[in-house]
Structure formats: C-alpha cells, structure tokens
Amino acid sequence: MSRWVLHVDMDQFLAAVELLRRPELVGQPVVVGGRGDPTERAVVSTASYEAREFGIRSGMPLKVAVRRCPEAVFLPVDFPVYEAASEQVMQTLRDVPGAVVEVLGWDEAFVGLDSADPQVAARAIHDAVLAATGLHCSVGIGDTKVRAKIATDFGKPQGIFSLTQDTWFEVMGDRPATALWGIGKAIGARLARLGIQTVRQLAEAPEEDLVAAFGAATGPHLGRLGRGEGSNHVDDTPWVARAHGHEVTFQVDLTERAQVEDALGGLSRQVVADLAAEGRACIRVHLKVRFAPFFTLTRVRKLPEPTLDPQVIAATALALLDKLADDRPIRLLGVRGEMVPPEGGYDPSRTQGRRGAP
DNA sequence: TCTGGGGTCCTAGGACCC
DNA sequence: TCTGGGGTCCTAGGACCC
C-alpha cells in the first residue's frame, strides 16, 4: 500500500451537463457561454469536443466561435445547474472508502488515498462518478499533487494516466515549461530569456539564478515545479473565501458619469449581499476597470473601518476611478470586497487550494 | 478576431516608526 | 559628505488558474 494522489477532472463539464438534459444535442458542436447569444460580448465557458474540432476553445469570444462554426449550438451559462452537478460529483468522491477530497473548482478535485493499485482505484472512481451523475471524468495518478494534476491532461477524455518520479522526465522533460501548472505565457517568456525552454532545463537550472530572476519564494517554487516536486498531502479542510467580487462587461461602452455611478452602485450591492451572507465585513475595496478597447487596471483601497454599507464601497470605488483621471470609454467595471479574516487567520495549508469557482 | 467572471498569490517600493 | 538597519503597513501591479 502506498499513498497516492488522484486528480479527478470532469470532461467538457458544462457542455456535458447541458447534454444530459438535451440529449438530442449529443454529437453536435455545443458551446456554453454568456447568455447564449454569439452576437454579444462574452466568451466561451466550455466547448464540447465536437465544437473543439472547429478550433473553439474556452476563453474565446463568442463572436469568434460562431465564425469558426456557424452551425454550433450556443447555450447560456446556467450556474445553479452546474453547482448541483458539481456537488453530486464531489459527494460521490467523498463516498469512496478511505478517500480524502480536496475540491479545486467546479469540475475538479484531488483525491488522496492508500492503494496497492491506483489504476484500479482510478477506474472505480470514473465508474462511480458516471453511475451517479451520467458524466465522464479523467483521472490523473501521481505521487505528488503537481504530477497528478498534469497527468490528467494525458488521460483526457475518459482516460487514466499516471505520472511519478520514475516517469516524470521521460514524459515531461522535453516539453515546454509552459506545460506546467502555474507557468503561463509571461513566466514562460521570462524563462526563455534565461535560456530555459523545457521542463528539464527548468529542473536543472541553478536555484540562485531562479531566485535572482523571480524572487525568494517564486524562484525555488519554479524549480520544484520543473521536477514535479511538491506536496502529496490532500487537505479536505473547507475553503474559506478571502473576497467576493462582481464584474460586468458593457455591451456598449460607458461614457456618462451617471452610468458609471449606477454600475458601481449595483456591483457594490451585489458584493455586500455576498459578504453579508458570510457575515463578514469588507476591509478593502478592489476596483477593476477596462477602458476600451483592451487596457485593464486594478486599484485597491483599505477602508478606515470594516463595513457592509454598499454606499461606502461604491464611493470608495468611485474615488479610485476618479484618481485614475482617465475619461476614455469604459468597457468593464468590477468591484471586489476583501473580507475580515476569520479568527486565527486563514489556514496556511490551503493557500494553494481552491481557486476560482466554488 | 476581440477579450467573462470568479478567484488567489507574489514582489517591489514608499511611508513611517523605533 | 553621505545617507543605519530592522520592522510594519499599504498600494501598485503582475501573474496564474478554473
């Protein structure tokens, strides 16, 4: 028996949930995003595998997606339905004997368990999730979380793939560093300037070079990523949110101050509703603003005292916006409220935990 | 071809204090 | 003529993930 980390990732999750209630669409290109209207400003949340064959990807503007595949079926995002499906999936995982479940997002989780044969355990998990929900998943097996997470990509769809210390460099060594979880375009470009292109080169880079280039915490972290090293501890401590926010993209850019004030007021009320639901006051206001066409800024201001007054939050956001002294049309506004930390602070072992959707 | 909405963490540097 | 050393708090800004 050894300790294993399994990473369970649902296949085309949002599209798959929609297909369950619209079986007549099975086999067709399906795109879930925005309000389901590809003429609006919105992006693809999930594309079915058939739609991906046309080059449609998550994060792509719906206007681009519809050009790539005019016959595709466009559906609106329906959060409550996905939340319910997600909860069903996570409960199925928790019901696996001996499993510890750390939820990472709507459609993925780490499962920690002791097993003599993790392949058998992974297959059992796939089958249990399918039986309970009608949804397929892929499972990555690893001796660390990082390896399990990356392994899943090689299993998709509906597959199982294992990545351990013994196979890490054989599978990942010659791949680009950006294939790693946590290395995106920007860090990839900075690594390239240091002459580091591949996972193997990153793994072998002198730590002092990485520290000099990326700082005391990030530098060594990148080196460990390159080696697939990291924790194998799966933690089921419930996630405690740091903040809640709302943002809105305007179909027509805002040019009038009254429109801006209205929008900030509405966003602030939504934020306060979320914070009040947790019974935690706001200590810092984050403003996000995108000026047409592509220029985005964020600003933060600490409040003199914690509050749940939407007018205080809206006024703070407006003051931050005024300070920018930029009267270009506004395409997006976001207000985020950072909350009073819980008694004793946040659980440091969960700092890498759940990001994104609940 | 045009850019969602929900999150989190890290680093640098200035202000201020002792 | 040269500018401590350590610490905290705060803001700006960058980056990443689902």
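Per chain, numbering begins at 1; letters A, B, ... match sequence-line order. Just the heavy atoms: all of them, side chains too, but no hydrogens, waters or symmetry mates, feed the values below.
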Practice task
Could you tell me whether A/V248 contacts a base, only the sugar-phosphate backbone, or nothing, with contacts defined as non-hydrogen atoms closer than 4.0 Å?
Solution key: sugar-phosphate
Problem - Proximity to DNA chain B (any heavy atom under 4.0 Å), residues of residues 190-208 of chain A only - result: none
Handout entry: Distance below 4.0 Å between A/H246 side-chain N/O and B/dG6 OP1 or OP2
Key = yes
Exercise for the section: Give one of base, sugar-phosphate or nothing for A/G34, where a contact means two heavy atoms less than 4.0 Å apart. Expected result: nothing
Practice task
Identify whether any heavy atom of A/L62 sits under 4.0 Å from a base atom; if not, whether one sits that close to sugar-phosphate; answer base, sugar-phosphate or nothing.
Solution key: nothing
Problem - A/K288 NZ - C/dA15 P separation (whole Å) - result: 14 Å
Exercise for the section: Answer yes or no: is there a side-chain heavy-atom contact under 4.5 Å between A/V272 and A/D309? Expected result: no
Practice task
Nearest whole angstrom, please: distance from the P of B/dC2 to the CD of A/Q251.
Solution key: 14 Å
Exercise for the section: Kindly point out which of C/dA15, B/dG5, B/dT8 is positioned nearest to the side chain of A/A241? Expected result: B/dT8
Problem - Nucleotide C/dC10, atom P - distance to CZ of A/R299 in whole Å - result: 18 Å
Exercise for the section: Just do the side chain to side chain donor-acceptor pair (under 3.5 Å) check on A/D274 and A/Q270 with the steps written out, would you? Expected result: CA-CA 6 Å; A/D274 287 351; A/Q270 287 183 68; over 6 Å; no
Problem - ILVMFWY cluster, A/V260 and A/L320 together (side-chain gap under 4.5 Å) - result: yes
Handout entry: Sugar-phosphate, base or nothing in reach of A/I183, heavy atoms under 4.0 Å
Key = sugar-phosphate
Find every protein N or O atom lying less than 3.5 Å from an N or O atom of nucleotides 11-13 of chain B, and list the pairs.
{"residue": "B/dT11", "atom": "OP1", "partner": "A/A217", "partner atom": "N", "Å": "3.0"}
{"residue": "B/dT11", "atom": "OP1", "partner": "A/T218", "partner atom": "N", "Å": "3.0"}
{"residue": "B/dT11", "atom": "OP1", "partner": "A/T218", "partner atom": "OG1", "Å": "3.4"}

Handout entry: Gap between atoms NE2 and P, on A/H221 and B/dC10 respectively (whole Å)
Key = 9 Å
Handout entry: Rounded distance in Å - CG (A/L14) to P (B/dG5)
Key = 15 Å
Handout entry: Basic-acidic side-chain contact under 4.0 Å: A/R147, A/E229
Key = no
Handout entry: Ion pair check, A/D78 and A/R21, cut-off under 4.0 Å
Key = yes
Exercise for the section: Remember a base hit wins even if backbone is also touched, and classify A/V300 as base, sugar-phosphate or nothing at under 4.0 Å, heavy atoms. Expected result: sugar-phosphate
Exercise for the section: Taking the side chain as every heavy atom from C-beta outward, state whether A/L333 and A/L264 have any pair of such atoms under 4.5 Å apart. Expected result: yes
Fill in the blank from the handout: Between A/R67 and A/T249, whichever has its closest DNA chain B nucleotide further toward 5' is A/R67
Practice task
Anything below 3.5 Å on both distances counts as a pair; with that, list the stems of at least three consecutive Watson-Crick or G-U pairs involving DNA chain B.
Solution key: B:5-18 with C:5-18
Practice task
Please name the pair of heavy atoms, one in A/Q158 and one in A/D11, separated by the smallest distance, quoted to 0.1 Å.
Solution key: N-OD2, 2.9 Å
Handout entry: Phosphate OP1/OP2 of B/dG7 contacted by A/H244 side-chain N/O (<4.0 Å)
Key = yes
Problem - A/L210 CG to B/dC10 P, straight-line distance once rounded to whole Å - result: 17 Å
Exercise for the section: Look at the side chain of A/R336 and decide which nucleotide, out of C/dC16, B/dC2, B/dG7, has an atom nearest to it. Expected result: B/dG7
Handout entry: Minimum-distance nucleotide to A/K149 side chain [options: C/dC17, B/dG6, C/dC16]
Key = C/dC17
Problem - Selection residues 54-72 of chain A - residue pairs positive for side-chain hydrogen bond (donor to acceptor under 3.5 Å, both in side chains), sequence neighbours left out - result: none
Completion exercise
Rounded to whole Å, CE of A/M90 lies from P of C/dC18 at a distance of 13 Å
Practice task
Report yes if a side-chain nitrogen or oxygen of A/K63 is closer than 4.0 Å to either non-bridging phosphate oxygen (OP1 or OP2) of B/dT1; otherwise report no.
Solution key: no
Handout entry: Residue pairs passing the ring-ring contact (aromatic ring centres under 6.0 Å, His included) test where at least one lies in residues 76-99 of chain A, sequence neighbours excluded
Key = A/F79-A/W106, A/Y82-A/W106
Practice task
Among the candidates B/dG5, C/dC10, B/dC2, find the nucleotide nearest to the side-chain atoms of A/L332.
Solution key: B/dG5
Practice task
Could you tell me whether a side-chain N or O of A/R284 sits under 3.5 Å from a main-chain N or O of A/E338, the two making a donor and an acceptor?
Solution key: no
Handout entry: Value in whole Å for how far the P atom of B/dC2 lies from CZ of A/R41
Key = 11 Å
Exercise for the section: Keeping to residues at least two apart or across chains, list the ring-ring contact (aromatic ring centres under 6.0 Å, His included) pairs with something in residues 31-75 of chain A. Expected result: none
Handout entry: Cluster check A/V43, A/L14: I/L/V/M/F/W/Y, side chain < 4.5 angstrom
Key = no
Problem - Side-chain donor-acceptor contact under 3.5 Å, A/T39 with A/D37 - result: yes
Fill in the blank from the handout: Closest of C/dA15, B/dC2, B/dC9 to the A/R242 side chain is B/dC9
